[in-house]
Amino acid sequence: MSEYLVNLKVNNIPVSVKEGTSILDAAKKLNFNIPTLCNHPDLSVAGNCRVCVVEVKGARLLAASCATPVSEGMEVSTNSEKVRTARKHVIELLLSEHNADCTKCFKNGNCELQDLASEYRVGDHVFIDLVKAKDKILDISSPSITKDDSKCIRCQRCVRTCEELQAVGALAVVKKGDHQRISTFLNKPLDEVVCTNCGQCINRCPTGSLTERTYLDEVWNAINDPSKHVVVQTAPAVRIGLGEDLGYDPGERVTGKMVAALRHIGFDSVLDTDFTADLTIMEEGTELLTRLKRALVDGEKVALPMMTSCSPGWIKFQEHMFPDLLDNLSTCKSPQQMFGALAKTYYARKKGIDPKNMVSVSIMPCTAKKFECVRPEMRDSGYQDVDYVLTTRELAMMVKQAGIDFMKLEDEKYDSIMGNSTGAAVIFGATGGVMEAALRTAYEIVTGREVPFTNLKIMPVRGFEGIKEAKIMIKGVKPEWGFLEGAELSVAIAHGLSNANELMKAVRTGKVNYHFIEVMGCPGGCLGGGGQPIPTSPDIRQKRADAIYSEDEGLPLRKSHENPEVAQIYKDFLGEPLGHKSHDLLHTHYKPRKRY
Amino acid sequence: MENKTLKKIDLIFADYTSSKYKVLEKVLEKTPDEIINEIIDSGLKGRGGAGFPTGLKWKFTKNEDNPVKYVICNADEGEPGTFKDREILERVFRKVLSGMATCGYAIGAKEGYIYLRGEYLYLVPELEKEIEYFDEFAKKLNLDFRIFLRMGSGAYICGEESALFESMEGKRGEPRNKPPYPTVSGYNQCPTVINNVETFATVQIICKIGSEEFKKLGTSDSRGSKLFSVSGDTPTPGIYELELGMPLTDFVDNYGDGDTKAVQVGGASGFCVPRKHLKDTIIGFEGIPTGGSMMIFNSSRSMYNVLHDYLEFFNEESCGQCTPCRVGCQQLLKGIESVKKGERKPQYLDELKKLASTMKIAAKCGLGQSVANPFNSIVDNFREEIIY
């Protein structure tokens, strides 16, 4: 964008903005709020919903303010009669093709179309109801995402999300005119196409057309069943997102209140995915060092760079798009699935619970986790390791349904033996966090010293740049790691699948040479996950990231290998990282998938 | 207002066989600026219907600082009732190529494309033969300009210039936001002149007879002559070249069947003129402009059916991208149906007219914006036929 300033008037008030600024942003600068639907801060400009039209003096047509750049001397009116009439018409038209069954809608109360309808007091339905009966048939094929065409207003945010942010292209516009809709390849059900279940489309859907597949009833039933012991785990990014759905501004840490709320709701054991995040570092860090040793010392042909495997959306993406790089993925299960496998073995045994009476629930910022828990590989405990996955949003609903005054709760602590964690685990929720946690531990294992960064903050791997790179010189190693003396560890981090796509293309062609790569499927990492509170934007994600890093700094232990419960589980149950038991319970494999 | 009467002209299809690119050869002796000034001076406005001054379009594109520019000939003739471009391509294609080459030379483009309507596939072998010949001729003239054919696939919306670019780029044919306009960012995001088939043929004629001679035809707002596709209740359907600026009565006197009730000027997206307004309606940019389509209806026709057909057409051919067009078209169609059936009161037509007026100013492209033309003009003039 150029530095050249353009002068214009919005509603008779002069304003100067940089050349190239949209009318929408210029108006925002003067605190004039123009409603939008198809516009989203993470996506390219579409200009197709036409809710944001404004009047420009002298122009025959109204201008879509999101898509029209300002020009010198422009006189804009955002609230003229012409504008209000057109806007109301547009809202009424959208409602006429929308299944406005609001009271039964999963998005009731958090719907941009509903808000607009209420703002413009669209009372009597002026126009004819166009919702077709066949559109009311839901696509519930996916364990993660429910697609309801009858609520779709064709803003194409989901299409742009899937294509631009995620490079997946599972959703596309098909047909034209009155038959136009958002569909999949050959109109196949979502579970038969390349959809990675990342849920980013849900985060940007302005209506209830795309929502998570909900398991609230199943979880309530389990809680209400006295014969069941219901174990719950909470992912790192949930504690910094949940507050947004319960009255807090973005960036509020609500860990203690969340634990208290889970107990009030009736979960029998309230445990933490962060515990298995620490465990993941032990397993994955050891796996990396082992791969490096096999490559450098034994001269074996080992798949490098090694890539993280915590993000199930990323895993499915890789299975579809880069099946030739599956050996590069760490064999470690995601923290959720490690937790699931241990809950019905280690935890059940220690607490004397029959695993067949145990119901394992996880609260995730993620919709792909709903798919992950039903993968056939994820039954190493002898049962389905994780029974139900709820999103951060679903947990907020449970809190409300349980009648809990969340803001007034006293902080509580997780239950023990799988509830303790370190700051290294918390930062799993932000892009670069797994890398930072792994480096904190691996460096210390190899050299016996802390990573050479002030206050353990490895800044080069932090931040929202699409693809980050870092190099760390390893010096002064312990004798048993002599082969690493003087080596420079080269790592890369990508978040959002379109960045992952770019990085993988570079890896595949040999353009880049890394030892270790972290990929998170969602923009910003888990804190921007498909199960997190809506809306999302770069600003909101930044606040969540700030909260994650301050949670890390506030914890007494900040390195995974210092987690006492992790040490205990190796002593009592697992033996050693990558040991026999670990191999059985904590590691998995991947399968190539077709793209169509 | 200048008083013109109907006058048949024979420029576009005239003296074709005698000169193979002789006009082009002579044009290339001029400088690009001379050519552009000549076209500006001629007052030529685009023959596709919208009527943007052709010379200005060329000038804007020439002035863009970009090494790559394109010339595109819009041959996606899809407006119902329009069939004159097909005839030009069949009979005087060389004039089109000559016009495109003139444009390419004037604006500094090295590539020209013809985006051909999907249904005109049968024309391809002949067109390709002529393009091959043109290529050789251009080489002889040291003219660095090549012309290629691109096929449409039958979507009306792809005749909208920015949707046409999207289609050519291999994407879904959906109109873009404007600005930027094609002269700044068109095909492949490069400055592009996109003109109708007839516009390019007319350029060749202006180059041949000179702008002074051309200006003698038509009115100050509507210079020259143009082709009309005459259809409907007429004893003499066909393609006629007429001087611009005639009153519609003259036209009906010549081509009507003596029982003309209304004329739809400009195709489905044009205006319906009832008999009582024929006299005071001028065909040209000062009155009702047209890309060429003139559909004549006599008293046996139900204007409800006419409007219903048009709305069905728009329902199917809207790209579906923007709300006013996608949903508005459905509401207008369902709306007149429900009034006809008596499910809604006749006053509902007024709500629909307001909606059509919103579509006219709020839709993203010309398609949605022009649905109000037939809707409001038919409902206003034939309200009783819609209701009863």
Side-chain angles (χ1 to χ4, degrees), chain A residues 20 22 37-38 44-56 59-71 82-98 126-130 132 153-156 159 163 172-182, chain B residues 153-158 162-163 171-180 311-339 341 343-344 348 350-352 354-369:
Chain A
S22 67
L37 278 175
C38 69
S44 67
V45 172
N48 59 23
C49 77
R50 316 307 281 183
V51 168
C52 73
V53 288
V54 295
E55 191 172 352
V56 177
R60 184 175 61 89
L61 304 170
L62 299 181
S65 59
C66 68
T68 310
V70 295
S71 59
K82 230 177 176 179
V83 169
R84 269 200 316 278
T85 305
R87 199 170 281 158
K88 200 162 179 206
H89 267 143
V90 169
I91 297 166
E92 283 166 349
L93 288 176
L94 288 171
L95 287 169
S96 77
E97 68 169 355
H98 174 79
V126 181
F127 296 123
I128 294 166
D129 186 5
L130 299 171
K132 298 174 188 98
I153 57 166
R154 279 82 163 171
C155 66
Q156 302 186 23
V159 176
E163 186 62 50
V173 183
V174 298
K175 302 196 175 169
K176 57 185 166 52
D178 47 350
H179 291 94
Q180 189 236 36
R181 50 196 288 269
I182 311 303
Chain B
S153 301
Y156 174 71
I157 190 59
C158 289
S162 62
K171 302 176 201 148
R172 186 179 155 84
E174 288 184 342
R176 298 174 179 169
N177 290 304
K178 288 169 219 160
L311 290 174
E312 273 190 332
F313 174 78
F314 289 126
N315 261 279
E316 189 166 322
E317 295 298 345
S318 162
C319 77
Q321 178 189 189
C322 83
T323 313
C325 183
R326 177 187 67 250
V327 197
C329 287
Q330 296 178 63
Q331 288 297 349
L332 295 181
L333 176 64
K334 291 244 156 50
I336 62 164
E337 283 174 355
S338 71
V339 169
K341 285 186 207 149
E343 291 165 1
R344 297 225 169 189
Y348 188 55
D350 302 320
E351 293 294 331
L352 295 178
K354 280 186 217 155
L355 171 61
S357 300
T358 286
M359 290 166 69
K360 197 180 180 91
I361 55 172
K364 188 167 181 176
C365 83
L367 194 163
Q369 289 158 16

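In what follows, every chain begins at residue 1, and chains take the letters A, B, ... in the order their sequences are listed.
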*At a heavy-atom separation under 4.5 Å, does A64(A) approach chain B through its side chain, its backbone, both, or neither?*
neither

*Using non-hydrogen atoms only, which part of C319(B) is less than 4.5 Å away from chain A: side chain, backbone, both, or neither?*
backbone

*Find the one option among L94(A), V83(A), I153(A) whose heavy-atom pairs under 4.5 Å with chain B are most numerous.*
L94(A)

*asked:* For chain B, which candidate among K175(A), K82(A), E55(A), H179(A) shows the most heavy-atom pairs at distances under 4.5 Å?
replied: K175(A)

*What's the spacing between F127(A) CZ and L332(B) CG if we round to 0.5 Å?*
8.0 Å

*Could you tell me whether the side chain of Q180(A) reaches within less than 4.5 Å of the side chain of E174(B), counting heavy atoms only?*
yes

*For V174(A), is it the side chain, the backbone, both, or neither that has a heavy atom closer than 4.5 Å to a heavy atom of chain B?*
backbone

*asked:* Taking side chain as everything from C-beta outward and backbone as N, CA, C, O, which of these in A59(A) sits under 4.5 Å from a heavy atom of chain B? Side chain, backbone, both or neither.
replied: neither

*Do you know the tightest heavy-atom contact between A86(A) and T358(B)?*
CA-CG2, 3.7 Å

_Min side-chain heavy-atom separation L130(A)-Q331(B) under 4.5 Å_ = yes

_At a 4.5 Å cut-off on heavy atoms, which part of S357(B) comes close to chain A: side chain, backbone, both, or neither?_
neither

*Residue N315(B) versus chain A: region with a heavy atom under 4.5 Å*: both

*Selection from V173(A), L37(A), V90(A) maximising heavy-atom pairs under 4.5 Å formed with chain B*: V173(A)

_Greatest number of heavy atom pairs closer than 4.5 Å to chain A - which of C322(B), A155(B), P175(B)_ = C322(B)

*Quick one: which of R154(A), R60(A), K176(A) has the most heavy-atom pairs under 4.5 Å with chain B, could you say?*
K176(A)

*Check ring-ring contact (aromatic ring centres under 6.0 Å, His included) between F313(B) and all other residues, then give those that pass, not counting sequence neighbours.*
Y156(B)

_Option that, when pairs with chain B are counted at under 4.5 Å, heavy atom only, ranks first among T68(A), V45(A), L62(A), V51(A)_ = L62(A)

*asked:* Under the criterion side-chain contact (heavy atoms from CB on, under 4.5 Å), I'd like the reasoning laid out for T85(A) against K354(B): C-alpha separation, chi angles, the key distance, then a yes or no.
replied: CA-CA 9 Å; T85(A) 305; K354(B) 280 186 217 155; 5.8 Å; no

*Does some side-chain heavy atom of I128(A) sit less than 4.5 Å from a side-chain heavy atom of E337(B)?*
no

*asked:* If you count heavy-atom pairs within less than 4.5 Å of chain A, which of M359(B), E316(B), K178(B) leads?
replied: E316(B)

*Find the distance between CG (L61(A)) and SG (C365(B)) and round it off to the nearest 0.5 Å.*
10.5 Å

*asked:* Quick one: does any side-chain atom of R50(A) pair with a main-chain N or O of A362(B) as donor and acceptor, under 3.5 Å?
replied: yes

*Checking heavy atoms, do the side chain of F314(B), its backbone, both or neither come under 4.5 Å from chain A?*
neither

*Using a cut-off of under 4.5 Å on heavy-atom pairs, state which of G47(A), C38(A), G177(A) scores highest against chain B.*
G177(A)

*What's the spacing between C155(A) SG and Q321(B) CD if we round to 0.5 Å?*
11.5 Å

*asked:* Report which part of K360(B) has an atom under 4.5 Å of a heavy atom belonging to chain A: side chain, backbone, both, or neither.
replied: backbone

*Pairing residues for R87(A) by the side-chain hydrogen bond (donor to acceptor under 3.5 Å, both in side chains) criterion, not counting sequence neighbours*: Y120(A)

*Is it the side chain or the backbone of E343(B) that comes within 4.5 Å of chain A heavy atoms, both, or neither?*
neither

*Roughly how far, to the nearest 0.5 Å, is CZ of R172(B) from CD of Q156(A)?*
7.0 Å

*What heavy-atom pair brings L93(A) and L355(B) nearest, and what distance separates the two atoms?*
CD1-CD1, 3.8 Å

